Amino acid sequence: MTSSLIRGRPRRSRAHISARVAHALLGALIGVAWLVLPGTAAGGTVGGGPHRPVAGALGQRDDRGTHTADLVLPMIAVVAAGALASFGFWRRRRRTTGRTTPGGAPVPGAEPPDEELDERARDALVRADGWVRVGREELGFAEARFEDGPPEEIEDVRRALREAETELAAAFRIRWQYEHGVPEEDAARRHALAGVVGRCEEAGRLLDVRAAAFDTLRGLEEGPGGGLGAALAVAEGRFRGLTARTGDADATLRDLGERYAASAASTVVGNVEQAKDRLVFATTRLNLARQAADAGDVGRAVSRLRAAEGAVAQAGILIDGVARLRRDLAAAADLVPAALTGAEAEIAGARRALAGETAAHPDVTPGELRARAGHADVVLAGVRQELASGRPYDPLGLLRRIVRAVAPLAAGRAGVLPAAAALCARAAVAGADDVVATHGAVVGCAARTRLAEAGRCERLEDLADLVTADALAEEARDLADEDIRLHGHTPEPTPDLTAAAVGALHPTPGSYGGPRTSGRRREVDEQG
């Protein structure tokens with residue numbers, strides 16, 4: 001049975017099959033007619049009549065001149081009908097054996113090589129992830145336009161986006177399983193890759209279907225007195241708010257540097273500078289959009305507005321990342337003492353199980369349980385020593401060390417450990433997601449796949465899954481950073497950068513939509 005994750009959505013027309021059947025039946029009817037005609041010609045009857053005796057050899061001529069040659073044309077008709085049927089069967093068999101969709105074995109060499117199919121699947125995931133991210137981004141700007149709340153019609157757009165997110169999540173899940181050897185059979189693995197591509201294409205199609213309705217809701221083509229003017233006001237308002245917050249983010253980074261160890265804020269170092277660069281780009285595009293709108297060039301105004309919205313959205317992600325990290329570090333600092341106590345309770349419970357006082361730990365041998373408890377003791381001793389030193393420390397780092405050391409022997413004795421693991425996982429997933437969102441031009445499929453799996457595990461809320469989510473998010477962050485180093489930082493937007501900078505900020509999509517519609521608002525003027 002084909003997995004629901006992998007199965008595609010073929011849409012095949014059966015009209016050509018019906019046409020071939022009709023041709024065959026028509027040929028057969030013509031042949032029957034030709035067989036009957038000789039018997040009814042010249043006014044005779046088939047059952048024997050005054051002009052034609054029933055009996056008689058086929059090769060003999062009767063008194064009306066009937067001969068074997070009279071059957072030549074009917075035989076030709078029968079042969080022609082058979083030829084038509086054979087030709088239709090041959091064409092169907094050729095199409096079936098030559099296609100790569102389910103229903104027929106592919107002809108060797110007709111399918112792309114495994115490497116090409118794998119590359120196609122990875123590229124599809126990156127592009128679909130971009131469509132969904134930009135869809136969320138522009139939907140936020142659209143909803144902000146309506147002071148009394150968005151209209152009911154926008155729910156169809158939200159639903160399409162949710163369905164696209166579901167398809168994308170399924171595609172990432174298939175990819176994750178594929179990378180870990182599931183399924184094992186070669187044919188099934190090729191089918192899994194095809195499923196990834198199919199899911200991504202479906203996500204794009206869902207967004208494409210609602211792109212026109214979304215444009216109507218935004219009303220950007222109405223000009224500066226309508227939807228375009230309202231959208232410009234929203235973007236300019238967000239721009240001013242973020243500009244004011246950059247000073248607070250600078251102060252927050254300085255405070256984090258004084259209060260905690262350098263590693264605590266290492267993930268957001270440079271966020272403020274990158275946000276300022278994007279805001280410089282945004283203000284230039286907003287000014288150009290206003291000028292184009294005033295001149296009546298609505299199309300160009302819309303494309304420049306969309307470029308400004310993308311830059312504003314990314315600046316918001318970078319600044320929000322600093323504020324979120326401050327909250328997470330404060331929460332982690334408060335949770336470290338309780339996590340230490342809970343970890344000690346777990347270790348004590350494991351040792352009671354070793355002594356036979358309580359039930360043994362499931363699926364763990366006594367020797368392995370003893371080794372885990374010893375390792376956890378060493379880790380906790382190091383954490384206590386760091387806390388007692390009086391030097392600045394990294395609260396999230398300490399909490400992560402406690403959780404990872406004790407999770408292998410945890411049996412639910414301390415409820416604080418899942419809360420600590422959830423905090424670590426949430427912080428790691430959010431940080432990795434920020435990197436992907438703000439460096440989409442260079443972050444590849446590997447980082448995005450691990451980030452998607454980390455997000456899935458985080459939502460499961462089990463201690464083991466939360467630990468896995470934390471580790472996968474850190475791995476995704478490392479892979480994303482590696483992609484950035486490999487390709488170089490995306491060009492930072494400056495006032496004189498035009499369409500090239502827009503492409504760096506958003507490599508594939510330009511607005512809400514999929515492959516057919518996402519680029520409809522990309523800026524085309526090279527000189528600004």
Side-chain angles (χ1 to χ4, degrees), residues 260-267 325 328-432 450 453-455 457-478:
Y260 303 112
S263 61
S266 61
T267 56
L325 180 61
D328 290 342
L329 288 172
D334 292 339
L335 199 55
V336 165
L340 272 173
T341 302
E344 291 166 351
E346 291 288 358
I347 294 173
R351 290 210 164 96
R352 286 196 297 271
L354 285 170
E357 300 175 12
T358 60
H361 201 284
D363 302 325
V364 180
T365 63
E368 185 177 355
L369 185 60
R370 188 176 295 107
R372 292 180 180 181
H375 172 71
D377 262 337
V378 172
V379 172
L380 295 190
V383 170
R384 295 190 200 94
Q385 183 179 359
E386 190 164 345
L387 290 172
S389 67
R391 296 189 302 270
Y393 62 90
D394 178 358
L396 275 172
L398 293 187
L399 202 62
R400 185 169 283 115
R401 286 163 59 186
I402 294 170
V403 169
R404 292 184 178 180
V406 181
L409 47 83
R413 305 177 185 89
V416 69
L417 288 179
L423 176 58
C424 294
R426 184 174 64 249
V429 169
R450 281 148 186 78
E453 183 66 12
C457 292
E458 181 197 357
R459 292 187 291 272
L460 297 177
E461 297 182 353
D462 179 76
L463 178 59
D465 290 317
L466 290 169
V467 173
T468 299
D470 183 34
L472 284 175
E474 287 198 322
E475 185 178 352
R477 176 73 183 251
D478 291 341

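Since this is a predicted model, take the numbers as computed values, not measurements.
- Of all the heavy atoms in Ala476 and Arg450, the pair that sits closest is CB-CB, 4.0 Å.
- For Val429 against Ala469, the heavy-atom pair with the smallest separation is CG2-O, 4.4 Å.
- Looking only at distances, no side-chain donor or acceptor of Arg401 sits under 3.5 Å from a matching main-chain atom of Gly397.
- To the nearest 0.5 Å, atom CG of residue Leu463 and atom CG of residue Leu417 are 6.5 Å apart.
- For the pair Glu346 and Ala410, the tightest heavy-atom approach, listed with the atom from each and the gap, is OE1-CA, 3.3 Å.
- When all heavy atoms of Leu396 and Cys424 are compared, the pair lying nearest together is O-SG, 4.2 Å.
- Here salt bridge (Lys or Arg N to Asp or Glu O under 4.0 Å) pairs that include residues 375-384, with residues two or more places apart or in two chains, are Glu344-Arg384, Arg351-Asp377.
- Put simply, the side chain of Leu398 does not reach to within 4.5 Å of the side chain of Leu340, judged on heavy atoms.
- Residues Leu460 and Leu466 have side chains not in contact (no heavy-atom distance under 4.5 Å, counting atoms from C-beta outward).
- Remark: the backbone N or O of Ala350 is not paired with any side-chain donor or acceptor of Arg372 at under 3.5 angstrom.
- For Arg426, there are no side-chain hydrogen bond (donor to acceptor under 3.5 Å, both in side chains) partners, not counting sequence neighbours.
- Leu399 contributes atom CG, which lies 11.0 Å from atom CZ of Arg404 (distance to the nearest 0.5 angstrom).
- Without hydrogens or angle criteria, Ser266 side chain to Ala262 main chain gives no donor-acceptor distance under 3.5 Å.
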From CA spacing to verdict: side chain to side chain contact (heavy atoms under 4.5 Å, CB included), Val416, Thr341: CA-CA 9 Å; Val416 69; Thr341 302; over 6 Å; no
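- The two atoms that bring Ala339 and Ile402 nearest to each other are O-CG2, 3.9 Å, heavy atoms only.
- Contact record, Asp470 with Arg400: OD2-NE, 2.7 Å, taken as the closest heavy-atom pair.
- With sequence neighbours excluded, no residue forms a side-chain hydrogen bond (donor to acceptor under 3.5 Å, both in side chains) with Glu461.
- In this structure, CG in Asp334 is found 11.0 Å from CG in Leu329, a value given to the nearest 0.5 Å.
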